[in-house]
Amino acid sequence: MLLKSEGTSSPAWYEEMNLRTVLLGLLLAVAFGVANAYLSLRVGMTISASIPAAVMSMAILRGLLRRGTILENSVVQTIASSGEALAAGIIFTIPAFIFIGREYQEFNRFFNHFYIFLYALFGGMLGVCFLIPLRKFFVEEEAAELKFPEGTACAEILKAGDEGGARARWVFGGLGLGGLYKFFTGSEGTSLVPLFRESVARDISLGAFRSRLAMDLSPALLGVGYIIGLRTALIVFAGGAVGWFIFMPLISYYGVRVGVPIYPATQLMSELTTPQIWSSYIRYIGAGAVLAGGFITLFRTILPVLRGMMREFQRISFRITASGDLPLGLVLILIVLTGLAILASPLPHNWVTILLTILLGFLFSAVSGRMTGIVGSSSNPISGMTIASLVVISVILVLLGYRGAEGMLMALSAGVIVCIAASMAGDAAQDLKTGQLVGNRPWVLQIGEFLGFILPTITISITLFLLHQSYGLGSETLSAPQATIISLVIKGIFQANLPWVFILTGVVLAIIVDLLRLPSLAFAVGLYLPITTTVPILLGGIIYHLAKGEERGVLLGSGLVAGDALTGVLVAGLAIGGIRGPAEPYIPGHSVAFLSFLLFALLVYRLVRPLR
């Protein structure tokens, strides 16, 4: 046999992966993929499916079927989370074909089910394959630095459900608190009974200097902040603070003084809102910082990673040990076959773009896996990595003489595959961390990763077309922010009007942060993400510090993430079916919503503070 298991111990591998776990995992993968496709088009972010999938798996296997082990539940959530990761990769990039197609008709023919399937297949295969030889380094050897907050939270939920008792009460108590608060916050499409706003904001202006104080009132982000701890939360917040409280006031002041629109914005600075200033300028700085931080992080870790990979190369085989990964020989064959399949496919490409797809796919799969370990899957800046890869690919193609639609098509095509690969790799790293904590065989979960992205490809593609027909991609309802900026980057490079000054500013800033011996990529994540995301993460880190890192807080924080995510997915699924809540919350004020969240945070602290 090509693959042979040796040294198998009890329980047998088929007690982890069997027909019921595969079928349930695929069913949940489809559900989370469809729901997250809607959310990412609407608000530009997805909800990590690992934790809600684990909870739903336990409810079905242990609650309804009266069977199922912790290892089976882990396999189910591994397969299920692939749907969410795939949705992010597709939704962040594929709509760009429509946006650029408004100017270049050649792009429109690639917006169809067949091409989307090819992109998902190639990107998914590469992302999982690239992560497999890095698993041991990220999950085991770097365990002290890479906490994998959502993967750890998922493991705690699985253990709590398996062990019951006090641990289960903390986790499921947090699930109830997080879900209840999330249920009563939001607006149309994000809540059925919105009592309060889901975010608060106040613009700040001092003459021409402008900025904004804002935060998402998210139990999930509060829980993530507790899990990652105060230091990492502070670094992520520092990136956001530099972007919003230093760069934004300076840019707004300069823009008002010059009195003309500054590209890429087409309006006067005085006519732009602070979120538009962030989208037009700060996000480009963040993308440059992510580009530099990604390369710096890779260079910092490349030697130990290469040493680990060289150890694997010295024993290339096609045999699976009971506790190991899929054999490296098989992984290398899959990578080569995927590259040849891209070459033989009707996708726009040449040898240069295929080589860049493989190299950048590996680079950003490694970066994605590491970033998932730092800030979790939901805050992993996949779109920033995609923009960075598109800059590299597009510049190289321009230098080689490619212009117009041909060059843009090849750049976008390669960028789509890199984006899906990075998204899948980050998800795989998180799932493999969960598996390591609960005792799964890595190779079983890796097979689950491969199985999990095939079926959702079809359903996500259908969802994308239905939403486009109903609302229109790029409309106010489905703004598709990531795909919009990707289309601007590609056109900017090939039309020679990309705002390089902002991208290079981010590059220089990331280098300076690294020279200060701070994690440049975590800082870059905070710079790229909106300030609304980094503030609640910081609040969670502060609670962690005040509570002295009590384990109860990790359990409760895990539940908060699960409750928020489960409620968000449920509401998103109902929204796709046409069931939506009011367009505005019943109590629209910012102050009441902010006070409600502070009281919620205080309740969390009082629950997890050290006992006297």
Side-chain angles (χ1 to χ4, degrees), residues 35-49 51-52 84 150 174-203 212-226 237 240 244 273-276 278-279 376 378-379 476-482 529-540 557 559-576 579-604:
N36 277 289
Y38 174 83
L39 281 182
S40 57
L41 285 172
R42 184 176 176 85
V43 299
M45 64 181 296
T46 59
I47 296 175
S48 176
I51 294 172
E84 173 265 329
E150 290 169 354
L175 190 151
L177 284 175
L180 188 65
Y181 188 89
K182 176 68 174 178
F183 186 80
F184 290 109
T185 59
S187 58
E188 182 182 9
T190 61
S191 177
L192 296 179
V193 189
L195 290 181
F196 310 111
R197 302 177 60 88
E198 60 189 338
S199 64
V200 294
R202 180 178 294 275
D203 285 329
R212 166 176 280 207
L213 287 172
M215 69 181 296
D216 283 336
L217 309 181
S218 168
L221 295 176
L222 190 73
V224 167
Y226 190 100
F237 173 76
W244 284 77
T273 64
T274 47
Q276 288 173 329
W278 170 76
S279 180
S378 295
S379 299
E476 184 176 352
T477 302
L478 300 176
S479 60
Q482 281 82 2
L529 293 172
I531 194 71
T532 54
T533 300
T534 59
V535 172
I537 290 177
L538 175 63
L539 182 58
L560 293 178
V561 176
D564 190 327
L566 274 173
T567 304
V569 170
L570 173 62
V571 173
L574 293 174
I576 292 176
I579 303 175
R580 296 182 175 89
E584 295 293 334
Y586 296 115
I587 305 176
H590 289 251
S591 299
V592 175
F594 179 64
L595 180 61
S596 73
F597 191 68
L598 286 184
L599 292 175
F600 181 82
L602 179 62
L603 173 62
V604 171

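Side chains included, hydrogens not; waters and symmetry mates left out as well; all remaining heavy atoms used.
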A.B. asks: Measure from the side-chain N and O atoms of Thr567 to the backbone N and O of Asp564, and report whether any donor-acceptor pair falls under 3.5 Å.
C.D. replies: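 A pair under 3.5 Å: no.
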A.B. asks: When the ring planes of Trp244 and Trp278 are compared, do they come out parallel, tilted or perpendicular, using 30° and 60° as the limits?
C.D. replies: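 Trp244 and Trp278: parallel rings.
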A.B. asks: Please report the interatomic distance CD1(Ile537) to CG(Leu529), rounded to the nearest 0.5 Å.
C.D. replies: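 It is 7.0 Å, given to the nearest 0.5 Å.
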A.B. asks: How close do Leu221 and Thr533 get, heavy atom to heavy atom, and via which atoms?
C.D. replies: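 Closest heavy-atom pair between Leu221 and Thr533: CD1-O, 3.8 Å.
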A.B. asks: One pair to check against side-chain contact (heavy atoms from CB on, under 4.5 Å): Met215 and Val200. What are the steps and the verdict?
C.D. replies: CA-CA 6 Å; Met215 69 181 296; Val200 294; 3.7 Å; yes
A.B. asks: Rounded to the nearest 0.5 Å, how far does CG of Leu560 lie from OG of Ser218?
C.D. replies: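 If I round to the nearest 0.5 Å, the distance is 9.0 Å.
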A.B. asks: Could you tell me whether the side chain of His590 and the main chain of Ala201 form a donor-acceptor pair under 3.5 Å?
C.D. replies: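 Between the backbone of Ala201 and the side chain of His590 there is a qualifying donor-acceptor contact (under 3.5 Å).
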A.B. asks: Might you point out which heavy atoms bring Leu539 and Phe597 nearest each other, and give the distance in Å?
C.D. replies: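 Minimum heavy-atom separation between Leu539 and Phe597: CD2-CE2, 3.8 Å.
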A.B. asks: side-chain contact (heavy atoms from CB on, under 4.5 Å) with Leu598: which residues, sequence neighbours excluded?
C.D. replies: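 Leu598 satisfies side-chain contact (heavy atoms from CB on, under 4.5 Å) with Phe594 only.
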A.B. asks: For residues Tyr181 and Ser596, is any side-chain donor paired with an opposing acceptor at under 3.5 Å?
C.D. replies: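 The answer is yes; a qualifying pair exists.
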A.B. asks: Do Phe196 and Leu217 have side chains that get closer than 4.5 Å, going by heavy atoms?
C.D. replies: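 Answer no - side chains too far apart.
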A.B. asks: Any chance you could measure Tyr586, atom OH, to Leu195, atom CG, to the nearest 0.5 Å?
C.D. replies: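 Rounded to the nearest 0.5 Å, the OH-CG separation comes out at 8.0 Å.
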A.B. asks: Please name all residues satisfying side-chain hydrogen bond (donor to acceptor under 3.5 Å, both in side chains) with Thr274, sequence neighbours left out, ordered by chain then number.
C.D. replies: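 Applying side-chain hydrogen bond (donor to acceptor under 3.5 Å, both in side chains) to Thr274 gives Asp203, Arg212.
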A.B. asks: Say you draw a straight line from CG of Leu180 to CZ of Phe600; how long is it, rounded to the nearest 0.5 Å?
C.D. replies: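 Rounded to the nearest 0.5 Å, the CG-CZ separation comes to 8.5 Å.
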A.B. asks: Could you pull out the closest heavy-atom pair between Thr532 and Ala214, with the gap in Å?
C.D. replies: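 Here Thr532 and Ala214 meet closest at CG2-CB, 3.4 Å.
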A.B. asks: So do Glu150 and Val224 actually touch side chain to side chain, heavy atoms under 4.5 Å?
C.D. replies: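 Yes, side chains in contact.
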A.B. asks: Do side-chain atoms of Ser279 reach the backbone of Pro275 as a donor and acceptor pair under 3.5 angstrom?
C.D. replies: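 Between the backbone of Pro275 and the side chain of Ser279 there is no qualifying donor-acceptor contact (under 3.5 Å).
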